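Notes follow once the structure below has been shown.
Treat the numbers as computed from the prediction; the structure is a model and nothing was measured. We number each residue from 1, following the sequence as shown.
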Amino acid sequence: MRTFYPSDSCSKESHLNSLNPQSWLQVERGKLPSSASSSAPLCRESFIKVPEPQILPHYKPLDYVEVLAQIHEELESCSLEDRSSLYLLQYQVFRGLGETKLGQRSLRSAWQESTTVHEKVVFGSWLRYEKQGEEVIAELLSSCGKYSEEFVPLDIASYLPVTSPEAASVKVKRHISRNVVLKIEQERIACDRRKIASLSAPFHAMLYGSFTESLLDEIDMSENHVTPSAMRVVRDFSVANVLIGVSKNLLIEVLVFANKFCCESLKDACDRELASLVSSMECAVELMDFALEESSPTLAASCLQVFLYELPESLTDERVVEALTRVNRSQVSTMAGKASFSLYSCLTEVSMRLDPRSDRTLAFLEKVVDFAENDRQRVLGFHRLGCTRLLRKEDREAEEAFETAFNLGHVYSATGLARIGYIQGHKLWGYEKLTSVISSVSPPLGWMYQERSLYCEGDKKLEDLEKATELDPTLTYPYMYRAVKLMSEQNAEAALEEINRILGFKLALECLEIRFCLYLGMDDYEAALRDIQAALTLCPDYRMFDGKVAARQLRTLVYEHVESWTTADCWMQLYEKWSNVDDIGSLSVIYQMLEADACKGVLYFRQSLLLLSLQLAREHASSDHERLVYEGWILYDTGHCEEGLQKAKESIRIKRSFEAYFLQAYALAESSLDPSSSSTVVSLLEDALKCPSDRLRKGQALNNLGSVYVDCEKLDLAADCYINALKVRHTRAHQGLARVHFLRNDKAAAYEEMTRLIEKAQNNASAYEKRSEYCDRELAKSDLEMVTRLDPLRVYPYRYRAAVLMDSRKEKEAIEELSRAIAFKADLHLLHLRAAFHEHNGDVSSALRDCRAALSVDPNHQEMLELHSRVNSHEP
């Protein structure tokens with residue numbers, strides 16, 4: 001699930017100091033971009049009905065920190081051959097946490113650590129699938145003279161050892177001729193007896209052994225189902241040990257012959273030549289069955305690579321699916337070597353996203369279970385198998401799979417068992433099952449109470465849902481249920497307030513859909529239109545009411561009930577929403593302008609500032625210099641700063657523009673460590689402000705210019721920039737001006753400035769967080785409690801409160817404060833601080849666990865590496 005995390009700050013821990021909680025929390029100000037995504041649609045019965053929460057087909061251990069730490073520890077000492085499978089497990093943990101980017105990094109590590117060509121093919125293709133749409137980055141890098149190997153198909157043959165012909169010692173008898181003629185029907189093929197004998201033990205026995213043929217100068221081979229053309233290829237290979245210019249059909253015939261007569265070097269040569277001919281899906285489909293039947297590993301792996309390279313489209317081809325599912329263990333080994341479990345894990349992941357109910361998904365899952373090598377792999381296989389069986393309404397088989405996963409230690413599979421019990425009419429049993437789970441673990445997790453709420457009513461249900469939200473505020477079902485219940489009680493304002501709690505920090509499609517329905521029920525068509533247009537921005541093909549109605553159709557119907565806007569009206573509305581820091585409103589207005597066929601490149605660029613997706617802007621650029629700017633941002637946002645700067649300069653050479661100068665200034669300011677670069681950044685921003693642009697972007701440039709002046713300690717110039725930015729309603733400039741006040745030792749003015757931002761901004765959790773730095777401890781605690789209510793995913797408040805508790809010598813409470821956030825958010829800084837607390841308390845094993853888990857999140861974090869090294873040296 002993609003989620004917005006609007007943030008102006010990222011944090012960095014410092015060493016323990018007992019005087020001030022801020023000493024625990026050195027805060028670095030910067031930009032933390034974010035995004036949004038979708039979840040399951042809603043049903044519609046009597047207007048609004050909340051669907052049951054989905055049983056996620058993921059690996060969800062009770063203590064993901066412990067599992068990540070175990071994986072990290074195993075990676076420190078395991079053999080090279082085991083590393084990729086451990087990174088695969090790490091990927092599955094991050095997948096269960098909803099951490100997409102961390103999961104992709106684990107797949108990249110699995111790919112980089114692969115020791116066999118089969119692993120490289122599987123993980124490389126899987127990573128390519130996970131990063132669909134990012135091929136443009138490789139394309140842009142190549143235009144800058146930088147190349148990536150990530151998405152390039154491998155030359156399989158070059159990774160596999162060549163089978164050399166075995167030299168056979170031959171005792172030549174005087175009466176045995178040096179040459180022999182192999183007769184096939186009416187054709188006679190003269191061969192060197194010694195050369196042919198060297199191809200295999202059977203040939204050697206036939207030509208030099210005790211068989212009658214060894215005494216013959218001419219041997220009839222007609223009964224061996226080989227053509228004269230194929231036999232001539234065999235003869236030529238026996239002399240030159242190479243195949244030159246042999247057609248595909250002839251290679252197939254020769255390989256069959258080589259298999260029959262155990263000519264391993266000839267078979268290997270044919271295998272490699274055929275593999276080099278696999279260049280399309282049709283060719284791979286045609287040759288895969290043959291490769292498996294003849295046990296040709298190079299050809300089979302090459303065909304497999306084509307199948308995987310074309311994911312997910314290849315899985316819509318029944319021939320491909322049949323080739324991948326109707327295979328025995330030996331054939332899978334031929335095709336995938338030791339990467340069999342990884343292969344079917346990859347295929348399962350893709351197939352479940354296409355259709356988790358399909359026969360194809362079921363077949364792949366059965367292979368996952370079959371090739372699982374340890375309990376952790378079996379847990380994932382059986383749990384996923386249970387999820388698919390349940391969706392297919394195969395309750396008995398689903399129950400068996402969930403039971404197996406549960407007995408192997410995957411407590412989350414209890415959700416599947418409880419659902420099946422409920423389906424079979426045993427609602428009380430489901431409630432008792434979850435009660436047993438809750439009582440058996442410490443601490444319990446939010447999903448446990450959410451699941452138990454399904455099997456009770458009234459106050460008990462609401463109590464469980466409140467507890468679920470307390471333990472894991474990211475769960476959407478509790479908010480949705482409470483909102484709909486309040487609406488059914490004719491309490492519309494409370495219903496909106498409830499659903500807005502989750503939409504304030506998590507832009508989930510199912511929650512937007514609920515709010516859309518609430519607004520319709522209140523006849524507020526403008527607000528309903530805003531939400532459905534925002535939903536369509538996030539997912540253009542979104543379907544509502546359990547997939548029964550296309551959101552586009554509903555949008556058309558609602559649009560008829562609102563006043564039409566001119567292009568000028570739309571720009572004014574966008575200006576208003578942007579100034580009020582209203583992300584959903586801004587997305588909605590941009591969507592409406594795009595529907596009206598306005599300047600698409602510019603509008604998609606505006607959209608990208610909220611969603612961080614610039615490819616549509618690039619595709620709809622109206623000129624080369626505009627396209628180069630978008631390409632520069634794409635490269636910069638993916639960590640290729642130098643190449644991004646190169647694109648900006650190319651754009652400026654074509655035409656001086658605000659966006660090109662702004663990109664160059666932004667990238668240089670963020671990447672250069674040279675203090676003297678500040679003057680260059682100032683010059684570039686001044687050049688940008690001289691170019692035509694709208695007030696929204698001018699305000700951003702003035703804000704950035706103010707930040708540069710602050711860094712250069714030119715506070716008067718900085719204040720002028722922020723004030724000018726505010727004049728064009730760049731609301732976020734209040735934060736910069738507050739910083740200026742603070743640096744001038746006017747903390748009260750800084751506090752008031754942030755208060756103005758809080759009053760103006762619709763999304764204001766970050767403003768409360770920043771204001772907390774400009775007031776006394778009690779007011780700070782109050783502001784940070786508000787931050788947690790508005791956006792429980794922001795980690796600074798937890799860290800601050802934990803630091804305050806630690807300073808008050810309440811070590812247990814401090815660790816509990818961090819632990820309640822860690823339970824639903826895998827955050828490096830939370831883990832780092834908790835590790836430091838454990839170290840301070842002398843709990844070396846817990847500190848080491850958190851260090852290892854944190855390094856799983858960011859393996860290169862320098863302070864974390866130092867703490868890990870220090871703690872590790874204390875371990876007995």
Side-chain angles (χ1 to χ4, degrees), residues 1-2 37-41 51-62 64 67 88-100 102-104 106-107 126 129-130 311-312 315 325 341-372 375-395 397-420 422-423 445-448 450-451 454 472 474-477 508 510 547:
M1 180 173 291
R2 299 169 61 206
S37 167
S38 66
S39 221
E52 292 178 349
Q54 180 188 5
I55 299 176
L56 299 174
H58 305 317
Y59 179 44
K60 295 181 73 68
L62 285 175
Y64 74 86
V67 174
L88 173 56
L89 178 62
Q90 189 184 77
Y91 162 82
Q92 301 293 3
V93 175
F94 286 133
R95 183 92 172 86
L97 291 168
E99 297 288 350
T100 303
L102 293 179
Q104 288 180 0
S106 296
L107 282 182
W126 195 343
Y129 166 75
E130 290 280 348
L311 291 172
L315 293 191
T325 55
F341 177 81
S342 303
L343 167 64
Y344 286 104
S345 294
C346 171
L347 294 171
T348 296
E349 190 70 44
V350 178
S351 188
M352 292 193 84
R353 296 187 201 180
L354 291 173
D355 181 3
R357 297 174 174 83
S358 67
D359 292 342
R360 172 192 61 222
T361 299
L362 182 62
F364 288 150
L365 280 167
E366 288 172 340
K367 292 291 185 186
V368 168
V369 169
D370 190 31
F371 285 101
D375 283 349
R376 291 189 295 202
Q377 292 180 351
R378 291 185 192 95
V379 157
L380 180 63
F382 279 111
H383 177 72
R384 288 191 141 186
L385 186 58
C387 291
T388 289
R389 293 284 196 188
L390 185 59
L391 289 171
R392 291 164 61 93
K393 302 188 185 305
E394 298 169 357
D395 296 345
E397 294 86 349
E399 184 177 17
E400 291 175 358
F402 284 130
E403 188 74 45
T404 302
F406 183 79
N407 290 336
L408 286 169
H410 194 238
V411 177
Y412 181 70
S413 295
T415 56
L417 294 172
R419 296 284 178 96
I420 293 168
Y422 179 71
I423 291 168
L445 300 173
W447 64 259
M448 299 174 183
Q450 174 180 271
E451 185 66 23
L454 303 179
D472 186 352
T474 68
L475 297 172
T476 59
Y477 174 79
E510 68 269 33

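Using a 4.5 Å heavy-atom threshold, the side chains of Val411 and Pro61 count as separate. Here the side chains of Val93 and Leu102 are not in contact, with every heavy-atom distance at 4.5 Å or above. Residues Tyr64 and Phe94 fail the side-chain proximity criterion, which asks for heavy atoms closer than 4.5 Å. Looking at Ser345 and Trp126, their side chains come closer than 4.5 Å, going by heavy atoms from C-beta outward. For the pair Asp375/Arg378, a side-chain contact is recorded, criterion being any heavy-atom separation below 4.5 Å from C-beta on. The closest side-chain heavy-atom distance from Asp395 to Ile423 is below 4.5 Å. Within the 4.5 Å cutoff, side-chain heavy atoms of Arg360 are placed close to those of Leu315. By the 4.5 Å heavy-atom criterion applied to side chains, Tyr129 and Arg353 are counted as neighbours.
The only option from Thr476, Leu475, Leu454 that meets the side-chain contact (heavy atoms from CB on, under 4.5 Å) definition with Pro53 turns out to be Leu454.
Qualifying ring pair (Phe, Tyr, Trp, His ring centres under 6.0 Å) partners for Phe341, counting only residues two or more places apart in sequence or in other chains: none. When the ring pair (Phe, Tyr, Trp, His ring centres under 6.0 Å) test is applied to Phe406, no partner is found at least two apart in sequence or on another chain.
For the pair Thr415 (side chain) and Ile55 (backbone), a donor-acceptor distance under 3.5 Å is absent.
Salt bridge annotation for Glu349-Arg384: present, with a cationic side-chain nitrogen under 4.0 angstrom from a carboxylate oxygen. A salt bridge does not link Lys367 to Asp370: none of the charged nitrogens lies less than 4.0 Å from a carboxylate oxygen. In this structure, Glu394 does not pair ionically with Arg357, as no charged nitrogen and carboxylate oxygen lie closer than 4.0 Å. Checked for salt-bridge contact, Glu400 and Arg389 miss the test: no charged N lies under 4.0 Å from a carboxylate O.
Shortest non-hydrogen contact noted between Leu365 and Gly381 is CD2-O, 4.3 Å. Nearest heavy atom pair, residue Asp472 against residue Gly446, reads CB-CA, 4.1 Å. Nearest heavy atoms, Pro312 versus Leu354: O-CD1, 3.9 Å. Minimum heavy-atom separation, Cys387 to Pro57: SG-CA, 3.8 Å. Closest of all the heavy-atom pairs between Leu311 and Cys346 is CD1-SG, 4.0 Å.
For the atom pair CZ (Phe364) and CE (Met352), the distance works out to 12.5 Å, reported to the nearest 0.5 Å. Here the OG atom belonging to Ser351 is positioned 12.5 Å from the OH atom belonging to Tyr344, to the nearest 0.5 angstrom. The distance from atom CZ of Arg419 to atom CG of Leu390, rounded to the nearest 0.5 Å, is 8.0 Å.
A donor atom on one side chain and an acceptor atom on the other are not found under 3.5 Å apart for Glu451 and Tyr477. A side-chain donor-acceptor contact under 3.5 Å links Ser358 and Thr361.
Proximity of the aromatic rings of His383 and Tyr412 is defined here by a centroid distance below 6.0 angstrom, and this criterion is met.
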